[in-house]
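Below, chain A is the first sequence line, B the second, and so on; all start at residue 1.
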Amino acid sequence: MPELPEVETVRRGLAPVLEGARLTRVEQRRPDLRFPFPEGFVQRLTGATLTRLDRRAKYLLGHLDRGDVLVMHLGMTGRFEIEAAEGTVRPGEFIYAAPPDPKHAHVVFETDRGGRVTYSDPRRFGFMGLIPAGAVESHPWFAGMGPEPLGPDFDASLLARAFAGRKQNAKVLLLDQRIVAGLGNIYVCEALHRAGVSPLKPAGKIPRARLGPLVAVIREVLEEAIAAGGSTLRDFAATDGALGYFQHRFQAYGREKEPCGTPGCGGTIARIVQGGRSTFYCPRCQR
DNA sequence: CCCACGACCTGTGGGC
DNA sequence: TGCCCACAGGTCGTGG
């Protein structure tokens with residue numbers, strides 16, 4: 001799942017372990033994840049210092065002092081587990097994570113501080129790449145990607161332009177990373193529910209006046225989820241092993257047949273399939 | 001260009 | 001209790 005809030009939670013968990021650390025040992029335990037690892041993956045990383053860990057949409061970007069950027073995507077079931085060296089855990093900083101699932105531990109990074117970060121991913125929909133720093137923006141993974149939903153370029157006029165004349169429903173278009181990059185199935189369901197916008201509504205027919213509020217609730221949902229440490233579903237926990245709590249606040253996602261929580265609504269959450277994926281919504285208060 | 005759908009993988013929760 | 005299958009956070013490629 002990891003959607004933007006979960007990836008951001010992972011970034012915040014990994015940053016204190018990796019930023020400024022030199023990778024003393026890198027182990028690549030299979031030739032591919034979703035895609036093959038790049039040529040010389042281990043050699044190009046070993047000995048490099050990771051200067052900064054950023055996030056763009058659902059991607060993590062580890063900037064290396066050698067000029068490459070380590071790009072990592074968690075797919076559906078990717079996770080990082082941290083093992084800290086004895087004595088390096090300051091109280092309250094991060095908690096020891098469960099031992100990495102050995103069956104699906106595909107990449108191991110060890111640092112000069114004695115920490116170890118293991119990437120595991122049962123379904124292997126995740127992937128990693130090494131891209132020269134100057135070529136990230138133009139790389140196919142990033143070229144054509146829409147703005148960050150929490151950034152300044154995501155606003156009502158951008159949505160108005162993207163939705164104009166489109167017959168495709170709002171749900172599917174909000175999942176299109178070319179329009180806005182970082183939303184996934186859960187948070188689109190939640191945002192549309194909060195905004196009272198039907199996922200079935202042709203995007204081009206949403207009145208312009210409703211787009212500002214839609215943008216606002218998208219930001220709100222993502223920010224609340226980040227503040228809560230993301231959502232812990234089957235395959236996601238924050239990097240420190242602590243559980244995210246946002247899933248307890250889902251109002252629509254996974255709540256088929258439950259009463260709608262919108263005050264005074266009285267409707268029942270329904271599940272439909274759009275673009276091959278489940279949509280949860282309230283047919284009564286989402287119009 | 002637009003859109004629907006299958007493919008990629010493995011694990012698991014819920015129903016019977 | 002045990003088995004089976006529908007379904008799962010994402011993205012990419014194909015074909016109409």
Side-chain angles (χ1 to χ4, degrees), chain A residues 1-11 29-37 55-60 71-80 100-106 119-129 139-146 149 161-191 199-200 202-204 221-222 225-226 228-239 243-250 252-258 271-280:
Chain A
M1 145 178 56
E3 299 184 34
L4 187 153
E6 289 72 41
V7 178
E8 178 60 22
T9 300
V10 169
R11 190 195 68 76
R29 303 182 52 177
R30 50 175 299 127
D32 56 9
L33 293 171
R34 171 155 192 189
F35 307 121
F37 283 93
R55 177 188 58 72
R56 170 74 170 106
K58 302 170 194 170
Y59 290 80
L60 290 170
V71 177
M72 300 176 281
H73 194 292
L74 305 180
M76 297 269 267
T77 54
R79 59 185 295 163
F80 287 97
D101 163 13
K103 195 167 164 197
H104 301 295
H106 306 309
Y119 177 75
S120 45
D121 186 352
R123 291 176 75 180
R124 303 200 304 275
F125 286 171
F127 48 94
M128 295 191 187
H139 188 279
W141 291 343
F142 298 95
M145 184 181 267
R161 267 176 276 131
F163 286 0
R166 302 288 298 270
K167 293 177 180 153
Q168 181 82 295
N169 63 62
K171 161 84 188 302
V172 167
L173 286 196
L174 287 172
L175 286 175
D176 185 339
Q177 306 292 299
R178 293 169 299 186
I179 294 174
V180 57
L183 299 180
N185 201 34
I186 291 176
Y187 295 107
V188 167
C189 289
E190 291 301 305
L200 297 162
V221 168
L222 295 177
I226 291 170
S231 309
T232 306
L233 266 44
R234 288 189 186 87
D235 296 300
F236 175 82
T239 315
L243 304 181
Y245 287 101
F246 194 75
Q247 71 276 14
H248 299 305
R249 290 199 237 154
F250 291 164
Y253 187 84
R255 292 189 174 275
E256 185 183 15
K257 298 188 174 129
E258 294 182 33
R271 175 183 171 275
I272 58 174
V273 174
Q274 296 179 290
R277 342 225 1 224
S278 292
T279 298
F280 297 89

Original post:
For A:Phe125 and C:dT11, are the ring centres under 5.5 Å apart with planes inclined under 30°?
Top reply: no
Subject >> Short side-chain donor-acceptor distance under 3.5 Å, A:Ser120 and A:Arg79 >> reply: no
Subject >> Value in whole Å for how far the C1' atom of C:dG10 lies from NZ of A:Lys171 >> reply: 12 Å
Original post:
Pairing of DNA chain B as dot-bracket, 5' to 3': ( ) intra-strand, [ ] crossing, | other strand, . unpaired, with Watson-Crick or G-U pairs under 3.5 Å?
Top reply: .|||||||.|||||||
Subject >> C:dT11 OP1/OP2 closer than 4.0 Å to side-chain N/O of A:His73 >> reply: yes
Subject >> Minimum-distance pair of heavy atoms, taken over all atoms of A:Ala181 and A:Pro149 >> reply: O-CD, 3.1 Å
**OP:** Whole angstrom is fine here: how far is it from CG in A:Leu33 over to C1' in C:dG10?
**Re:** 14 Å
Original post:
Where the side chain of A:Pro122 is concerned, which of C:dC12, B:dG11, C:dA8 is the nearest nucleotide?
Top reply: B:dG11
**OP:** Check the pair A:Phe80 / A:Leu60 against side-chain contact (heavy atoms from CB on, under 4.5 Å), numbers first and verdict last.
**Re:** CA-CA 12 Å; A:Phe80 287 97; A:Leu60 290 170; 3.8 Å; yes
Original post:
Side-chain N or O of A:Lys103 less than 4.0 angstrom from OP1 or OP2 on B:dG11?
Top reply: yes
**OP:** Could you check which of B:dC9, C:dC7, C:dT11 has an atom nearest any side-chain atom of A:Ser278?
**Re:** C:dC7
**OP:** Report yes or no: is there a donor-acceptor pair, N or O only, under 3.5 Å between the side chain of A:Arg277 and the base of C:dA8?
**Re:** no
Original post:
Should A:Thr77 be listed as having a side-chain N or O under 4.0 Å from OP1 or OP2 of B:dT10?
Top reply: no
Original post:
Looking at CZ of A:Arg11 and CD1 of A:Ile226, how far apart are the two atoms once the value is rounded to the nearest 0.5 Å?
Top reply: 9.5 Å
**OP:** Rounded to the nearest angstrom, tell me the gap between atom CE in A:Met145 and atom P in C:dT11.
**Re:** 7 Å
Subject >> Gap in Å between the two C1' atoms, one belonging to C:dC4 and one to B:dC8, rounded >> reply: 22 Å
**OP:** Answer with base, sugar-phosphate or nothing: what part of the nucleic acid does A:Arg178 contact at a heavy-atom distance below 4.0 Å?
**Re:** nothing
Using a cutoff of under 3.5 Å, can you pull out all pairs of nitrogen or oxygen atoms linking the protein to nucleotides 3-7 of chain B, with atom names and distances?
residue, atom, partner, partner atom, Å
B:dC3, OP1, A:Gln168, N, 3.3
B:dC3, OP2, A:Arg166, NH2, 2.8
B:dA4, OP2, A:Gln168, OE1, 3.3

**OP:** Between B:dC9 and C:dT14, how far apart are the P atoms? Round to whole Å, please.
**Re:** 15 Å
Subject >> Gap separating the CG atom of A:Asn185 from the CZ atom of A:Arg277, nearest 0.5 angstrom >> reply: 4.5 Å
Original post:
Which value, rounded to the nearest 0.5 Å, describes the distance between A:Ile179 atom CD1 and A:Arg166 atom CZ?
Top reply: 5.5 Å
Original post:
A:Asp32 CG to C:dT11 C1': how many Å, rounded?
Top reply: 16 Å
Subject >> Interatomic distance where CG belongs to A:Leu4 and P belongs to C:dT11 [whole Å] >> reply: 11 Å
Subject >> Closest heavy-atom pair and its distance - A:Leu4, A:Lys58 >> reply: N-CG, 4.2 Å
Original post:
Has A:Arg123 got a side-chain N or O lying under 4.0 Å from the OP1 or OP2 atom of B:dC8?
Top reply: no
Original post:
If we only count heavy atoms from C-beta on, is the A:Leu33 to A:His106 side-chain gap below 4.5 Å?
Top reply: yes
Original post:
Between B:dT10 atom P and A:His106 atom NE2, what is the distance in whole Å?
Top reply: 9 Å
Original post:
Out of curiosity, A:Phe280 CZ to A:Ile272 CD1, how far, rounded to the nearest 0.5 Å?
Top reply: 10.5 Å
Using a cut-off of under 3.5 Å, enumerate the N/O to N/O pairs linking the protein to nucleotides 14-16 of chain B.
none

Original post:
Reckon A:His104 has a side-chain N or O less than 4.0 Å from the OP1 or OP2 of B:dC9?
Top reply: no
Subject >> Salt-bridge criterion met for A:Arg34 and A:Asp32 (N-O under 4.0 Å) >> reply: no
**OP:** Quickly work out the A:Arg124 CZ to C:dC12 P distance and round it to whole Å.
**Re:** 18 Å
**OP:** State yes or no: are the ring centers of A:Phe142 and A:Tyr59 separated by less than 6.0 Å?
**Re:** yes
Subject >> Interatomic distance, A:Phe142 CZ vs C:dG10 P [rounded to whole Å] >> reply: 16 Å
**OP:** Starting at CZ of A:Phe250, measure out to CD of A:Glu190 and round the result to the nearest 0.5 Å.
**Re:** 6.0 Å
**OP:** Kindly compute the distance separating CE (A:Met72) from CG (A:Asp121), expressed to the nearest 0.5 Å.
**Re:** 13.0 Å
